[in-house]
S.K.: 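There's a structure below that I have some questions on.
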Protein chains: 2
Amino acid sequence: MSVEIKIALNDGIYLKDPQDSVLGRNILKHSIVLIDNVGFETFNFKKLAQEMGSTEASVYRYFENKHALLLYLVSWYWGWVSYLIKINTMNIEDPKKKLEIIIHSFVSASVDNPSTEYIDENKLHSIIIAEGTKAYRTKDVDKENGKGFFKNYKQLITTVADVILAINPKFKYPYALASSLFEMSNDHLYFAKHLPRLTDIKEEKNKHCEVENMLNYFSFKLLSYEIFIQVD
Amino acid sequence: MSVEIKIALNDGIYLKDPQDSVLGRNILKHSIVLIDNVGFETFNFKKLAQEMGSTEASVYRYFENKHALLLYLVSWYWGWVSYLIKINTMNIEDPKKKLEIIIHSFVSASVDNPSTEYIDENKLHSIIIAEGTKAYRTKDVDKENGKGFFKNYKQLITTVADVILAINPKFKYPYALASSLFEMSNDHLYFAKHLPRLTDIKEEKNKHCEVENMLNYFSFKLLSYEIFIQVD
DNA sequence: TTCAAATAATAGTAATACTATCATTTAAAA
DNA sequence: TTTTAAATGATAGTATTACTATTATTTGAA
């Protein structure tokens, strides 16, 4: 039996907290499976309700629309990764070691972690990879950002940026590197699977491990001190 | 009067080549303005037709649906950037100089370049930044990739990867770096504007210039030879 | 001038994205 | 144990979206 953790989410995202009821947890559970299967564009509340043996109207009592639901899932993921990073780096002093753990969490948190019963972290990670950016690439970003809907993402990136600065306090782009590591992790897992000519990561090999190596290589090279040999 | 160039696009993307007729070019022109204004999700062919003073049915003769139209625009952009890079690096020997030009093209091709009459490159770049990834983050990627719909993107990345390898033939991730530079350019321009806590780029300052500096810094540091001082 | 192709005008259908209403179940309070 | 409120289910309905079909009109090329 796993310990149930509850990830804190901005309460403006939902109409009624799905983590607090059986039906709500069912919505999360089945929406993850369904979005992963059919993709966000073809996903809708009618299909979800059918799949769950519930009704459209019931789902609408929890989320205003499917965008809010996606935002919830993505936000949950950000919060969950933050949580994992926190507990896994807790007793570690060396910030370089910490960054390695962070990168590992970005790439494969889902592979090797204890589960909240109603959330399939593996499938959720698939959703993040394929649909994640859609949660904040909309005309409502500014409005939603104003309401704090992306706080979990910002918090995650801030945590990472702090570790980056602990490694190299002179580094000029801690936030940009942090968010880029997160985005690159998802991008290259996606590219390896669907558009392999856009990456060097090979689907056949241990994809996750390869992405992890790459991100480690990138970040430690970027965070090394300035003395290096220019090529010419 | 500007010289009209015609960007080559996979002919499976459209039903009828919009570059070949007045109505077609009008569809491109107005769709760019409209998508930029209202966002891709709320954009539809009815609104477009209204805006243009044409009819929905006419638009449907050019594109199967709005996804195909987005793919067309994004694909056009990829082709256009490739073209710019080609002509701007033509007489340049030094691959480091070439990469600088490439990065400049990623960040601000739209700012300082001659125009195809019916395409507002500036607005198109906005669309790429906000909606670009939606063109290939769908359940149909594999099918569409099989038909060659993303060839322009791959070609662009291959060009860049070649330059990267010319700078440092031992570099292990030329394709990944190439696509990451492109994606980071768009991501950080977007973050600076909408989610500033996710980047170090400041909207108030010369955003484009700052992103360019950052990407130059990242790439040249990554492509330097291995001798560097580890921090500890 | 005539013919074919492109476009406009109009109408219609199926699916989507909701909203409203009321009945039923459940769970908690009195 | 009864009463009540809240949550859910069942059903229905509306407005919008995403198309398709049909026919009339315009345009341009032979």
Side-chain angles (χ1 to χ4, degrees), chain A residues 6 11-31 34-35 37-73 118 131 134-135 138-140 143-144, chain B residues 6 11-31 34-35 37-73 118 131 134-135 138-140 143-144:
Chain A
K6 196 187 163 184
D11 61 12
I13 296 175
Y14 49 80
L15 301 171
K16 206 161 121 64
D17 192 340
Q19 288 183 99
D20 285 349
S21 70
V22 177
L23 180 64
R25 290 188 290 269
N26 246 284
I27 289 173
L28 299 180
K29 182 176 190 160
H30 286 90
S31 66
L34 192 53
I35 293 174
N37 277 341
V38 304
F40 185 63
E41 278 71 33
T42 45
F43 166 84
N44 65 39
F45 282 0
K46 192 172 194 176
K47 289 174 191 169
L48 174 59
Q50 262 156 13
E51 203 80 6
M52 292 169 59
S54 177
T55 67
E56 226 181 325
S58 296
V59 179
Y60 274 107
R61 285 192 196 100
Y62 284 83
F63 294 103
E64 215 180 313
N65 50 44
K66 70 177 185 170
H67 169 254
L69 173 52
L70 178 66
L71 191 49
Y72 187 97
L73 295 176
Y118 49 95
E131 326 280 1
K134 293 172 191 169
T138 72
K139 271 288 154 183
D140 295 328
K143 202 174 63 191
E144 293 183 345
Chain B
K6 197 187 162 184
D11 63 11
I13 297 175
Y14 48 80
L15 300 172
K16 204 162 122 66
D17 192 341
Q19 288 184 99
D20 284 347
S21 70
V22 178
L23 181 64
R25 289 187 291 268
N26 245 284
I27 289 172
L28 299 180
K29 183 175 190 160
H30 286 90
S31 66
L34 193 54
I35 293 174
N37 276 341
V38 305
F40 185 65
E41 276 71 33
T42 47
F43 166 85
N44 65 40
F45 282 180
K46 192 173 194 175
K47 288 175 191 168
L48 174 60
Q50 264 157 9
E51 204 80 7
M52 293 169 57
S54 178
T55 67
E56 227 181 324
S58 297
V59 179
Y60 274 106
R61 282 192 203 98
Y62 284 83
F63 295 102
E64 216 179 313
N65 51 44
K66 70 175 186 172
H67 170 254
L69 173 51
L70 179 66
L71 191 49
Y72 187 97
L73 295 176
Y118 49 95
E131 325 281 1
K134 294 171 192 169
T138 72
K139 270 289 155 185
D140 294 328
K143 202 173 62 190
E144 293 183 345

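A, B, ... follow the sequence lines: proteins, then strands. Residue 1 opens every chain. Reckoned from all heavy atoms, side chains included, excluding hydrogens, waters and symmetry mates. This structure is a prediction, so every number in the text was calculated from the model and none was measured.
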S.K.: What is the distance, to the nearest angstrom, from the CD atom on Glu56(A) to the P atom on dT8(D)?
M.R.: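 These atoms are roughly 16 Å apart.
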
S.K.: Once rounded to the nearest 0.5 Å, what's the spacing between atom CG of Leu48(B) and atom CG of Leu34(B)?
M.R.: 6.0 Å

S.K.: Please give, in whole Å, the distance from dT17(D) P to Glu41(A) CD?
M.R.: 17 Å

S.K.: How do Gly24(B) and Ala57(B) order along DNA chain C: which one's closest nucleotide is nearer the 5' end?
M.R.: Gly24(B)

S.K.: Rounded to whole angstroms, how far apart are CZ on Phe40(A) and C1' on dT16(C)?
M.R.: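 So the two atoms are 13 Å apart, to the nearest Å.
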
S.K.: Taking atom P of dT17(D) as reference, at what distance in whole Å does atom CZ of Phe45(A) sit?
M.R.: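 From Phe45(A) CZ to dT17(D) P: 18 Å.
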
S.K.: For the atom pair CG (Leu23(B)) and NZ (Lys29(B)), what is the distance rounded to the nearest 0.5 Å?
M.R.: 13.0 Å

S.K.: Any side-chain N or O of Ser21(A) less than 4.0 Å from the OP1 or OP2 oxygen of dT8(D)?
M.R.: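 Yes, Ser21(A) has a side-chain N/O under 4.0 Å of OP1/OP2 on dT8(D).
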
S.K.: Could you tell me how the ring of Phe40(A) sits relative to the ring of Phe43(A): parallel (under 30°), tilted (30 to 60°) or perpendicular (over 60°)?
M.R.: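 Ring orientation of Phe40(A) relative to Phe43(A): parallel.
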
S.K.: Please work out which residues in residues 59-72 of chain A have a non-hydrogen atom less than 4.0 Å from an atom of DNA chain D and list them by number.
M.R.: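 Arg61(A), Tyr62(A), in order of number.
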
S.K.: Looking at the side chain of Thr55(B), which of dA10(D), dT8(D), dT10(C) is the nearest nucleotide?
M.R.: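 Per side-chain heavy atoms of Thr55(B), the pick is dT10(C).
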
S.K.: OP1 or OP2 of dA15(C) less than 4.0 angstrom from a side-chain nitrogen or oxygen of Lys47(A), does that happen here?
M.R.: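 Answer no for this pair, as no side-chain N or O of Lys47(A) is under 4.0 Å from OP1 or OP2.
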
S.K.: Between Gln19(B) and Tyr72(B), is there a side-chain donor-acceptor contact under 3.5 Å, judged purely by atom types and distance?
M.R.: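 Checked: Tyr72(B)/Gln19(B) side chains pair up, N/O donor to acceptor below 3.5 Å.
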
S.K.: Distance check: side-chain N/O of Ser54(A) vs OP1/OP2 of dG9(D), anything under 4.0 Å?
M.R.: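 Yes, Ser54(A) has a side-chain N/O under 4.0 Å of OP1/OP2 on dG9(D).
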
S.K.: Does a nitrogen or oxygen in the side chain of Lys46(A) sit under 4.0 Å from OP1 or OP2 of dA15(C)?
M.R.: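 Indeed not, no polar side-chain atom of Lys46(A) lies that close.
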
S.K.: When you look at Lys6(B) and Asp17(B), which way does the side-chain contact (heavy atoms from CB on, under 4.5 Å) test go after all the steps?
M.R.: CA-CA 11 Å; Lys6(B) 197 187 162 184; Asp17(B) 192 341; 3.2 Å; yes

S.K.: Nearest whole Å is fine: how far is dT10(C) P from Gln50(B) CD?
M.R.: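 Checked: the CD to P distance equals 14 Å.
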
S.K.: Rounded to the nearest Å, what distance is computed from the CG atom of residue Leu15(A) to the P atom of nucleotide dA6(D)?
M.R.: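 It is 17 Å, rounded to the nearest whole Å.
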
S.K.: Would you mind reading off the distance between Asn26(B) atom CG and dT7(C) atom P, rounded to a whole angstrom?
M.R.: 11 Å

S.K.: May I ask you to check whether over 12 heavy atoms, not counting those of Lys139(B), lie within 6.0 Å of atom NZ?
M.R.: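 Counting other residues, nucleotides and ligands, NZ of Lys139(B) exceeds 12 neighbours.
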
S.K.: If I take atom CG in residue Asp20(A) and atom C1' in nucleotide dA6(D), what distance separates them, rounded to the nearest angstrom?
M.R.: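 It is 14 Å, rounded to the nearest whole Å.
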
S.K.: May I ask you to evaluate whether Ser58(A) reaches the phosphate of dG9(D), defined as a side-chain N or O under 4.0 Å from OP1 or OP2?
M.R.: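 So the side chain of Ser58(A) is within the cut-off, an N or O lying under 4.0 Å from OP1 or OP2 of dG9(D).
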
S.K.: Between Lys134(A) (side chain) and Glu41(A) (backbone), is there a donor-acceptor pair under 3.5 Å?
M.R.: no

